[in-house]
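Here the structure comes first, spelled out in structure tokens, and everything after it is commentary.
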Amino acid sequence: MFLADARAGAAFCLALGAADWRYGAYALGGAVLGSSTARLLHVARARVETGLEGFNSCLLALCFAVFLDAGRPSTVLLATAGCAVVTVVTAAVVRLLRVWNLPSLTLPYCLLASAVTIAAPAFGRIWPHGGSLAALPGAASGATALPPGELGRAFFRNLSQIFFLDEWYVGLLLLAGLLLASRTAALVACAGSATGILTAWALGAPAARIADGTLGYNAVLVALALCGVFLTAAPATLLYALLGAATATAVTPAVAHLLAPSGGHAFTWPFVLTTLAFLTAARSFPRLTGRAPGADGTSRQPAGAPAPAA
Ligand SMILES: NC(N)=O
């Protein structure tokens with residue numbers, strides 16, 4: 001969630017544990033394994049200490065816990081190996097995207113989570129249930145009107161689904177964690193969640209899909225990234241971030257449908273694709289960056305400007 005704040009991390013861990021202690025354990029274990037692997041490979045200490053080497057492994061371990069059986073020893077082994085591999089993939093992605101001065105975001109996690117879900121049916125020890133994972137997309141059906149109670153739960157589930165969880169109170173606890181670290185981040189997350197709901201409703205998504213949060217969690221991440229993290233928080237960047245949040249919401253079913261043969265999980269692909277596109281485009285918009293555009297229309301990077309953090 002873009003916060004280098006240990007208290008927020010502890011609150012997030014408690015929030016996941018409130019749903020199931022094993023999810024809290026996998027998330028924490030994943031973060032520890034990713035960070036430890038990075039340290040063993042002598043990745044810069046500052047990257048490890050700010051959590052930049054732990055969030056992809058945290059999400060990957062949690063992904064395995066939720067989609068495979070969290071209690072099976074083979075899931076623990078797979079998550080452990082996955083956390084080591086995602087550290088290697090992170091280094092590769094960071095190096096590749098640095099060429100364009102772009103952040104790696106959760107791209108390493110998306111690559112591995114997609115690879116594992118696509119490959120899973122081929123390996124009996126990973127997917128012992130037999131049968132295909134395919135979930136072919138159908139046309140939208142069912143009611144589109146959301147009762148007020150479900151609207152509130154959808155708002156919080158747009159946060160909890162970042163960590164794959166359906167429980168609305170996990171989203172409330174995550175928001176409390178965000179608030180501990182940054183009032184701006186909490187407000188932007190709320191605006192992103194509301195934008196996700198509004199966009200999905202305006203496009204005619206079924207109420208059940210809006211209510212379960214699976215259409216809106218990418219909107220929260222995009223809003224956070226584009227308003228306060230990679231672009232300075234300001235009214236203009238907030239509007240830009242909310243346009244990005246709406247875009248990510250519309251992109252989510254596109255990704256899910258493309259990945260239908262492996263279960264249709266969009267993971268955080270909509271967030272990654274939208275954020276990279278909007279961040280690249282922002283260099284052409286001095287209103288957002290406050291930097292004069294170069295002759296080719298792109299913003300001038302100040303000499304020696306540091307690469308973005310994540
Ligand atoms: N992190 C997720 N929900 O892919």
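Just so you know, these numbers come straight off a predicted model, no measurement behind them. As the structure lists them, so they are numbered: ligands from 1, and atoms in each ligand from 1.
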Going by the atom numbers of ligand 1, which of them fall below 4.0 Å from some non-hydrogen atom of [X]?
X: Phe267; result: 4 (O)
X: Thr268; result: 1 (N), 2 (C), 4 (O)
X: Gln161; result: 3 (N)

May I ask which of Tyr217, Tyr109, Trp269 has a heavy atom nearer to atom 4 (O) of ligand 1 than the others do? Tyr109
Would you check whether Phe163 reaches within less than 4.0 Å of ligand 1, judged by its heavy atoms? no
Is the shortest N/O to N/O distance between Ile162 and ligand 1 below 3.5 Å? yes
Going by the angle between their ring planes, with limits at 30° and 60°, are Phe67 and Phe164 parallel, tilted or perpendicular? perpendicular
When you look for heavy atoms under 4.0 Å from ligand 1, do you find them on the side chain of His265, its backbone, both, or neither? neither
Return the CZ to CZ distance between Phe2 and Phe55, rounded to the nearest 0.5 Å. 7.5 Å
Using a strict cut-off of less than 4.0 Å between a Lys/Arg side-chain nitrogen and an Asp/Glu carboxylate oxygen, indicate whether Glu49 and Arg39 qualify as a salt bridge. no
Of Gln161, Arg209, Arg157, which is the lone residue that meets side chain to side chain donor-acceptor pair (under 3.5 Å) with Thr214? Arg209
Heavy atoms only: give me the nearest Asn101-Arg283 pair and the separation to one decimal. O-NH2, 2.8 Å
Nearest non-hydrogen partners of Ala200 and Ile210, listed with the distance: CB-CG1, 3.8 Å
